[in-house]
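One is the number of the first residue; the rest follow in order along the sequence. For ligands, and for the atoms within them, numbers begin at 1 and follow the listed sequence.
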Amino acid sequence: MGAAGTAVVTGASSGIGAATARQLAAAGFDVVLGARREDRLAEIAAGIGPAARAHRLDVTDAGSVAEFAAAVPACAVLVCNAGGALGLDPVEAADDEQWRSMWESNVLGVVRTVRAFLPALVASGDGRLVVLTSIAGHEVYPNGAGYTSVKHAAAAITATLRLELLGRPVRVTEVAPGMVETEFSVVRFGGDAERAAGVYSGLTPLSADDVAEAICWAVTRPPHVTVARLDLLPRDQASARDAYRR
Ligand code: NJP
């Protein structure tokens, strides 16, 4: 067993989750990777080596979360990273299915996963819970309400957990990035890679590794230190709406 204990990462089949699993393994954790695309998960876990194992997980499905948690008896670190955005439309043109899907993965998905792993986090004696929200969890922008509303909810849930867990050995960290170049925008725009590339044009966005490094740092502070919230931005982004493009 990894000297640092077991770390679970949801949404580990790409982007920030995959990078976090790699970096946590390098920091001495055994890592358990969860997501829906099992082929991608298996490939990433194989690349990490014997410290990693992959298990299918759909955070929108209570049965899948229960099955996933049952396969992981001990857990010191839980990174709730699964989620993302769908669409970029004004509220007056809101697509119910896209909104429902975002609430299921970014909000209820976090609640289900935290509920399932909380007993193990407490039992570890030094549990660490990390929730990926976003700058969109603290600011709004036109056409973004579907995503900003779910990330605001995830931020509220994370802050509530810190209050509710006071006195129990679990540290709660919110990680709120700005632009990170991953599959995020390709998913948001339904596979339109050209439109997705436009989001990051003319500036250097954060990489998945930049965010993973911050997560790794937060969960490896001494047990009496809670990193409550990390806001990470590319230098050329000043708010959810303001970016400087060269
Ligand atoms: O995006 P991407 P990121 N059940 O698309 C998984 C937030 N964020 O790494 O199930 C289980 O490369 C999906 O796996 P799969 C963002 O909101 C990002 O950037 O196989 N897993 C994949 O592994 C999100 O919370 C940016 O399709 C599910 C992963 O989630 C987190 O960072 C900015 C799932 C998404 O990987 C990671 O996103 C920001 C489900 N139902 C916040 N649904 C940014 N990139 O700019 C999805 O502020 N996944």
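Of the protein's heavy atoms, R36 NH2, 3.2 Å lies nearest to atom 43 (N) of ligand 1. Here the heavy atom of the protein found nearest to atom 41 (N) of ligand 1 is D58 OD1, 3.0 Å. Nearest protein heavy-atom neighbour of atom 9 (O) of ligand 1: I16 N, 2.8 Å. The protein atom (non-hydrogen) at minimum distance from atom 45 (N) of ligand 1 is V180 O, 2.9 Å. Counting only heavy atoms of the protein, atom 28 (C) of ligand 1 lies nearest to A82 CB, 3.6 Å. Scanning all protein heavy atoms for the shortest distance to atom 1 (O) of ligand 1 gives T182 OG1, 3.3 Å. In terms of protein heavy atoms, atom 12 (O) of ligand 1 is closest to S14 OG, 2.8 Å. For atom 18 (C) of ligand 1, the nearest non-hydrogen atom of the protein is F184 CD1, 3.7 Å.
Contacts with ligand 1 closer than 4.0 Å are made by no heavy atom of A85, backbone or side chain. Under 4.0 angstrom from ligand 1, there are no non-hydrogen atoms of V211. Contact annotation: for L41 versus ligand 1, there are no heavy atoms closer than 4.0 Å. Contact annotation for K151 and ligand 1: only side-chain heavy atoms (C-beta onward) come within less than 4.0 Å of the ligand.
For CZ of R245, the number of neighbouring non-hydrogen atoms (other residues, nucleotides, ligands) closer than 6.0 Å is greater than 12. Atom CG of L166 has 12 or fewer heavy atoms from other residues, nucleotides or ligands within 6.0 Å.
Close contacts of ligand 1 with G15, meaning ligand atoms under 4.0 Å from a residue heavy atom, involve 9 (O), 12 (O). Contact atoms of ligand 1 toward T60: 41 (N) (distance under 4.0 Å to a heavy atom of the residue). Each of the following atoms of ligand 1 lies closer than 4.0 Å to a heavy atom of L57: 4 (N), 11 (C). Remark: ligand 1 atoms within the under-4.0 Å shell around heavy atoms of Y147 are 7 (C), 8 (N), 16 (C), 17 (O), 39 (C), 42 (C). Every atom of ligand 1 with a heavy atom of S13 under 4.0 Å away is listed here by number and element: 13 (C), 14 (O), 15 (P), 20 (O), 22 (C), 23 (O). Taking a cut-off of under 4.0 Å to the non-hydrogen atoms of E183, the atoms of ligand 1 that pass are 5 (O), 12 (O). Within ligand 1, counting atoms from 1 as listed, the ones closer than 4.0 Å to a heavy atom of A12 are 23 (O). The ligand atoms of ligand 1 that sit less than 4.0 angstrom from a heavy atom of V59 are 4 (N), 11 (C), 40 (C), 41 (N).
A salt bridge between E183 and R188 is absent, with no side-chain N of the basic residue lying under 4.0 Å from a carboxylate O of the acidic one. Under 4.0 Å is where a charged nitrogen must lie from a carboxylate oxygen, and between R171 and D126 at least one such pair does. A salt bridge is absent between E139 and K151: the closest approach of a Lys/Arg side-chain nitrogen to an acidic carboxylate oxygen does not fall below 4.0 angstrom. Taking 4.0 Å as the cut-off between side-chain N and carboxylate O, E97 and R100 count as a salt-bridged pair. A salt bridge is defined here as a Lys NZ or Arg NE, NH1 or NH2 lying under 4.0 Å from an Asp or Glu carboxylate O, and D209 with R22 fails to meet this definition.
Between atom 39 (C) of ligand 1 and the options A154, G34, S134, the minimum heavy-atom separation is to S134. Residue G178 holds the heavy atom nearest to atom 33 (C) of ligand 1 of all those in A35, G137, G178. Relative to atom 24 (C) of ligand 1, the option among I135, L108, N81 with the closest non-hydrogen atom is N81.
Rounding to the nearest 0.5 Å places CG of D210 at 10.0 Å from CD1 of I16. One finds the NE2 atom of H138 at 6.0 Å from the CG atom of D231 (value rounded to the nearest 0.5 Å). D61 contributes atom CG, which lies 13.0 Å from atom OG of S105 (distance to the nearest 0.5 angstrom). The CG atom of N143 lies 9.0 Å from the CD atom of E92; values are rounded to the nearest 0.5 Å. Taking OG1 of T6 as the reference point, atom CG of D30 lies at 5.0 Å (rounded to 0.5 Å). The structure places CZ of R53 at 13.0 Å from CD1 of I48, a figure rounded to the nearest 0.5 Å.
Contact annotation: P177 has at least one heavy atom less than 4.0 Å from an atom of ligand 1. The shortest heavy-atom distance from G84 to ligand 1 is under 4.0 Å. Taking 4.0 Å as the cut-off, T133 counts as a neighbour of ligand 1 on heavy-atom distance.
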Practice prompt. Start with the C-alpha gap between Y200 and F184, add the side-chain angles, then the distance that decides, and say whether ring-ring contact (aromatic ring centres under 6.0 Å, His included) holds.
Written response: CA-CA 11 Å; Y200 312 108; F184 175 85; 8.1 Å; no

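Remark: R195 qualifies as a cation-pi partner of F189 under the 6.0 Å distance and 45° angle criteria applied to the six-membered ring.
For the pair A176 and ligand 1, the shortest N or O to N or O distance does not fall below 3.5 Å. No N or O atom of S105 sits closer than 3.5 Å to an N or O atom of ligand 1.
Side chain of N106 to main chain of G83: no donor-acceptor pair is present (N/O by atom type, distance under 3.5 Å, no hydrogens or angles).
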